**Student:** 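Please find one structure pasted underneath; my questions will follow.
Just so we're clear, the structure is a prediction, and the values are computed from it rather than from any experiment. As the structure lists them, so they are numbered: ligands from 1, and atoms in each ligand from 1.
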Amino acid sequence: MTPEMEIREKLNELGRNLWWTWRPDVRSIFRDLDPRLWQEVNHNPTALLRDTPGEVLVRRAEELGLESRVHHAFRRLAEYMGSAPGDGGVHLGPLRVRPVAYFSAEFALHEAVPIYSGGLGVLAGDHVKSASDLGVPLVAVGLYYSRGYFRQWLDREGWQQETYPEVKNPDMPLELLRDDHGEPITVALETAAGALQVALWRVRVGRSDLLLLDTDVEGNSAQDREITSRLYGGDHRTRIRQELVLGVGGVRALRRLGICPGVLHLNEGHTAFALLESCRAQMEDEGVDFPTARDRVSRQAVFTTHTPVEAGHDRFEPELVEEVLGGLRKALGLGPEEFLGLGRVDPADRGEAFCMTVLAMRLSDRANAVSSLHGHVSRRMWRRLYGGGRGLEVPIGHITNGVHVPSWLARPMHLLYERHAGRDWARRSYRPEEWAGLEALDPGELWETHQVLKRRLVRFARERLAEQAARRSDPEASMARLRTVLDPEVLTIGFARRFATYKRATLLLDDVDRLARMVGKVERPVQVVFAGLAHPHDQGGKQYIQRIFQLGRDPRFEGRVVYLEGYDMNIARLLVQGVDVWLNTPVRPHEACGTSGIKALLNGVLNVSVLDGWWAEAYDGRNGFAIGRGGSHADPQVQWRRDAEELYRVLETQVVPEFYHRGPDGVPTEWVQRMKQAIVTLGWRFSSNRMVLDYLRRAYLPAADGISSGLV
Ligand SMILES: *Cc1c(COP(=O)(O)O)cnc(C)c1O
C-alpha cells in the first residue's frame with residue numbers, strides 16, 4: 001500500500017465512526033486538509049476525501065505533517081474502542097450482557113447526518129455519545145429519513161420555504177447491515193396491505209451503535225417506501241406507520257441481530273409501540289399470557305416524557321389504530337376496545353383518542369420528566385391516569401437533561417479549561433471537582449478567548465448573510481455593506497431554536513421603538529442574531545420568522561438585527577460559542593428543559609432567560625440573568641406584556657451596564673465573574689455524562705434487575 005492509500009484509508013475509517021465529531025484534534029485534521037472544501041461539504045469526511053485528489057492529499061499531508069497526526073488519531077480511536085465497558089469505574093450489573101435499547105424518533109449527532117429537527121434529537125444524540133464515553137452498553141434505535149427534516153430558506157418576503165434534498169447517499173457514515181451471504185438483513189412487518197420489509201443501517205457513535213430503520217427497500221410498494229422519507233413530515237397515517245416501523249420494527253431488528261436488551265428506554269411517546277411488540281415477543285418466546293408479558297416488559301421499561309405542550313403528544317383516531325395495529329392487537333389476544341384502552345386516560349371513554357404518551361406510561365414502571373419544574377407539571381398533567389384522588393403520589397420523577405460537553409465546547413475554550421481542570425476532565429465532566437479548578441482562570445484570558453469565538457461568529461454570519469442575499473438576488477442589499485454587518489465589540493444577543501410559538505421568538509420585538517433605542521445607542525449598543533426553523537405546517541412560527549426578517553430591513557436595525565437561515569448543529573455551535581448573551585423566552589412552564597442555554601453556559605455565554613425548564617433550577621442570581629420571577633398569568637397576552645417589560649428591564653438595567661462596565665484593561669470584570677460562576681457551578685450539573693449516570697443508577701440498573709415500580 002502506498003503511503004497515500006494508507007492515509008486515505010485511515011482517514012476514511014476515522015470518518016466512519018462519529019467519534020471524530022467530538023474529538024477536536026481529529027476534526028482539525030479534516031479541516032486542515034482543505035478548509036474551503038470542508039465547509040462546502042458540510043463537514044462530511046467521506047465527501048471531503050472523495051473530492052480530494054491523490055496528489056493534493058499527498059502534498060497537504062507533507063505540508064501539515066499529517067501522517068503522524070493521522071496515525072496518532074487512529075491509535076486513539078482503537079484505544080477508545082478497545083476499552084472495556086464500565087472502564088469509567090461505573091457499576092453495570094446485568095447491562096454488561098444485556099444492553100440498554102434506546103428508542104427515539106430523531107437523533108442529532110452531527111450536521112453531516114441531517115436526520116433531526118431540534119432539541120429532542122440533540123438530547124438523544126448527546127445521550128448516545130455520553131453512554132459511549134462512560135462505557136455504558138447501549139444500542140440506539142431510530143429511523144433513516146431519506147429526505148431528513150428540510151432545508152430552510154427565506155423568500156424575498158421573509159417567508160420560510162422548505163426543500164427536501166436527498167439525504168440518503170453514499171457519503172453518509174452509515175453501513176447497510178448484511179448477512180453472511182452478503183444479502184441485506186431485513187425485518188418484516190405485517191400491514192393491512194401486506195408485508196413490509198425494513199432494511200437496517202448502522203451508525204457508529206464511538207462505542208455505541210445506532211440502528212436506523214429504512215422502508216425504502218426494493219419490493220415494497222411506492223407508498224411504503226416513502227414511510228421513512230421525512231421526519232415529522234407526513235399526515236397522521238404516515239406518522240402512525242412511522243411509529244410502527246420505529247417501535248415494532250425496532251424490537252424485531254434487535255431480535256434479528258441477537259441483541260437482548262436489559263432495559264427499554266423510550267425517548268418520548270413516538271416510540272411506545274416498542275413495548276407492545278416486546279410483549280408479543282415475550283408471549284411467543286415464553287408462552288405466557290398478555291398480563292404476564294406486560295408485567296415483565298413494564299419492569300424493563302423506562303419512559304421519558306419531553307413536553308407539557310398538548311400538541312406535542314401524538315394522538316390517533318381509533319380507526320387508524322385498528323388499521324395499522326390490528327395484526328399486533330390480535331397477536332396480543334386483545335379485543336379492539338381493550339387495546340384502545342391502553343392509549344386512553346379513561347379506557348372506557350370511547351370518545352378519547354389513542355395517545356402514545358398514555359400508552360408509554362401505562363406500560364412502563366418508570367417514567368420521568370426532564371427538569372424539576374417539568375416533573376411538577378407532568379405529575380399534575382397526568383394525575384388522572386394514575387387514578388386521581390387526594391394525596392395521590394403520581395409516579396413520575398425527573399432527570400434533568402444535559403449536553404455532551406466535548407461536542408458543544410469550543411476548542412479554544414477546551415484548551416483553556418484543560419490547563420486548569422483535571423486530566424480526564426472531559427470524561428469525568430459529571431464531577432464538580434473537575435470543574436473547581438476553573439475558578440483560577442485568568443479573567444483576561446477567558447475574556448480574550450471569548451472574543452476570538454465572537455469574531456469567528458461575526459465572520460461566519462457576514463458570509464452567510466451575503467450568500468442569503470445573493471440567492472434572493474436582493475435588490476436592496478449591497479454586498480459590500482453585508483460584509484460589515486455585526487460589530488464584534490458590541491453586546492451580542494443570540495436567539496436560536498425551533499420557532500414553536502410557545503418559545504416566543506418575537507418577545508424582544510414587542511416594543512420596537514424601545515428595542516431601536518437599545519440598538520441605536522452610540523455608546524453601549526446591542527445587536528441580535530436570530531436563527532431557527534418553523535415546522536412546515538406552523539403558520540404562526542413562520543410569521544415570527546417573517547417579522548424578524550422584515551425588522552432587519554428597517555433602517556434602524558439594518559446590520560444590527562440579522563437572521564441566519566438553515567439553522568443546524570453547525571450554526572447552533574457557532575452561536576452558542578460566539579454570542580455574549582443567550583436569550584430564552586418561553587411561556588413558563590412550557591419549556592420542559594431546553595438545552596441550547598446549557599451549551600451556551602459551557603462556553604461562558606450568559607443566559608438571559610425566563611425561569612423555566614433547566615434555568616428554573618440553575619439560576620442563582622450570580623450565574624446569568626432572570627426575566628421575571630417565575631410568575632405566570634392565565635391570559636397569554638397579559639403574560640406576554642409582563643414578560644416583555646421584564647425582558648427590557650433586565651437588559652437595560654443589568655445586562656447592558658454590566659457588559660460595558662470595563663476595567664482599565666478593557667475586561668468587564670463583573671461580567672467575567674458571572675461567566676466563571678456559571679461554568680464552575682453549572683458545567684458538571686448539566687453535562688450529559690451526569691444525566692446518563694442518573695439514568696444508569698436510578699432507572700437502568702433497577703429496571704435491568706427486574707425491580708418493579710421504582711420511582712425515578
Ligand atoms: C440545542 C439545539 C436545539 C435545542 O434548543 P432548545 O433551546 O432546547 O430549544 C435545537 N436545535 C439545534 C440544532 C440545537 O443544536
Side-chain angles (χ1 to χ4, degrees), residues 21-22 42-43 104-127 129 148-152 231-232 267-268 306-309 312 369-371 373-374 400-405 407-410 457 493-505 507 529-535 538 541 544-545 564-579 581-603 605 607-610 612-616 618 624 627 686-688 691:
T21 63
W22 70 92
N42 204 19
H43 307 151
S104 179
E106 50 170 316
F107 288 91
L109 297 158
H110 187 259
E111 57 268 22
V113 191
I115 54 169
Y116 60 90
S117 98
L120 183 71
V122 173
L123 192 264
D126 283 2
H127 193 111
K129 291 173 184 172
Y149 192 44
F150 64 87
R151 193 174 294 159
Q152 176 198 51
L231 170 60
Y232 306 146
N267 192 43
E268 195 55 310
H306 284 272
T307 178
V309 178
V370 291
S371 72
L373 179 60
H374 181 225
T400 304
N401 288 341
V403 308
H404 186 241
V405 176
S407 293
W408 295 106
L409 184 62
L457 168 65
I493 300 173
F495 181 103
R497 41 181 62 77
R498 290 183 303 118
F499 268 54
T501 42
Y502 80 86
K503 292 178 186 261
R504 301 190 299 191
L507 191 72
V529 187
F530 284 97
L533 313 180
H535 186 277
D538 181 5
Y544 282 2
I545 293 175
L564 299 180
E565 298 173 25
Y567 187 47
D568 66 355
M569 290 178 80
N570 180 41
I571 296 182
R573 243 184 354 254
L574 288 157
L575 283 172
V576 298
Q577 296 170 354
V579 297
V581 152
W582 195 250
L583 180 64
N584 183 38
T585 52
V587 180
R588 178 182 153 116
H590 285 185
E591 191 64 81
C593 180
T595 50
S596 61
I598 304 174
K599 304 166 192 166
L601 91 82
L602 290 177
N603 290 285
V605 170
N607 281 272
V608 173
S609 170
V610 167
D612 196 12
W614 76 283
W615 193 235
I627 302 167
F686 295 94
S687 87
S688 55
M691 171 183 77

**Student:** If you measure from OH on Tyr116 to OG on Ser104, what distance do you get to the nearest 0.5 Å?
**Tutor:** 14.0 Å
**Student:** Quick one: OG1 on Thr21 to NZ on Lys129, what's the gap to the nearest 0.5 Å?
**Tutor:** 4.0 Å
**Student:** At less than 4.0 angstrom from any non-hydrogen atom of Ala572, what atoms of ligand 1 do you find?
**Tutor:** 15 (O)
**Student:** Say whether Asn267 and His306, considering side chains only, have a donor N or O and an acceptor N or O under 3.5 Å apart.
**Tutor:**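 Their side chains do contain a donor-acceptor pair, which is all the 3.5 Å distance test asks for.
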**Student:** Angle between ring planes, Phe530 versus Phe495, binned at 30° and 60°: parallel, tilted or perpendicular?
**Tutor:**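 Tilted: the ring planes of Phe530 and Phe495 meet at 30° to 60°.
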**Student:** Report, in ascending order of atom number, the atoms of ligand 1 lying under 4.0 Å from any heavy atom of Asp568.
**Tutor:**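 Near Asp568, the atoms of ligand 1 are 13 (C).
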**Student:** Using a 4.0 Å heavy-atom cut-off, which part of Trp408 comes near ligand 1: side chain, backbone, both, or neither?
**Tutor:** side chain
**Student:** Are there over 12 heavy-atom neighbours, none belonging to Arg573, within less than 6.0 Å of that residue's CZ?
**Tutor:** yes
**Student:** Among all the protein's non-hydrogen atoms, which is closest to atom 8 (O) of ligand 1, and how far away is it?
**Tutor:** Thr595 N, 2.8 Å
**Student:** For atom 7 (O) of ligand 1, what is the nearest protein heavy atom, given as residue, atom name and distance?
**Tutor:**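 Among all protein heavy atoms, the one nearest atom 7 (O) of ligand 1 is Ser596 OG, 2.4 Å.
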**Student:** Do the ring planes of His43 and His110 sit parallel (below 30°), tilted (30 to 60°) or perpendicular (above 60°)?
**Tutor:**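 Rings of His43 and His110: tilted, 30 to 60°.
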**Student:** Going by the order shown, which atoms of ligand 1 are within less than 4.0 Å of some heavy atom of Gly118?
**Tutor:** 10 (C), 11 (N)
**Student:** Please identify which atoms of ligand 1 are closer than 4.0 Å to at least one heavy atom of Gly594.
**Tutor:**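 Those of ligand 1 that fall under 4.0 Å from Gly594 are 8 (O).
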**Student:** For atom 11 (N) of ligand 1, grab the closest protein heavy atom and report residue, atom and distance to one decimal in Å.
**Tutor:** Tyr567 CE2, 3.4 Å
**Student:** Can you measure from CZ (Arg504) to OG1 (Thr585) and round to the nearest 0.5 angstrom?
**Tutor:**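 Nearest 0.5 Å value for the CZ-OG1 distance: 6.0 Å.
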**Student:** Backbone or side chain, does any N or O of Ser117 fall under 3.5 Å from an N or O of ligand 1?
**Tutor:** no
**Student:** Closest heavy-atom contact between Trp582 and Ser596?
**Tutor:**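 In this case the closest contact between Trp582 and Ser596 is NE1-OG, 2.9 Å.
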**Student:** Between ligand 1 and Phe495, can you find any atom pair, the residue atom being a heavy atom, that is separated by under 4.0 Å?
**Tutor:** no
**Student:** Of the listed options (Lys599, Lys503, Met569, Arg497), which comes nearest to atom 15 (O) of ligand 1 when hydrogens are ignored and any heavy atom counts?
**Tutor:**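 It is Lys599 that holds the nearest heavy atom.
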**Student:** To which protein heavy atom is atom 4 (C) of ligand 1 closest, and what is the distance rounded to 0.1 Å?
**Tutor:**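 Checked against all protein heavy atoms, atom 4 (C) of ligand 1 sits closest to Gly119 CA, 3.4 Å.
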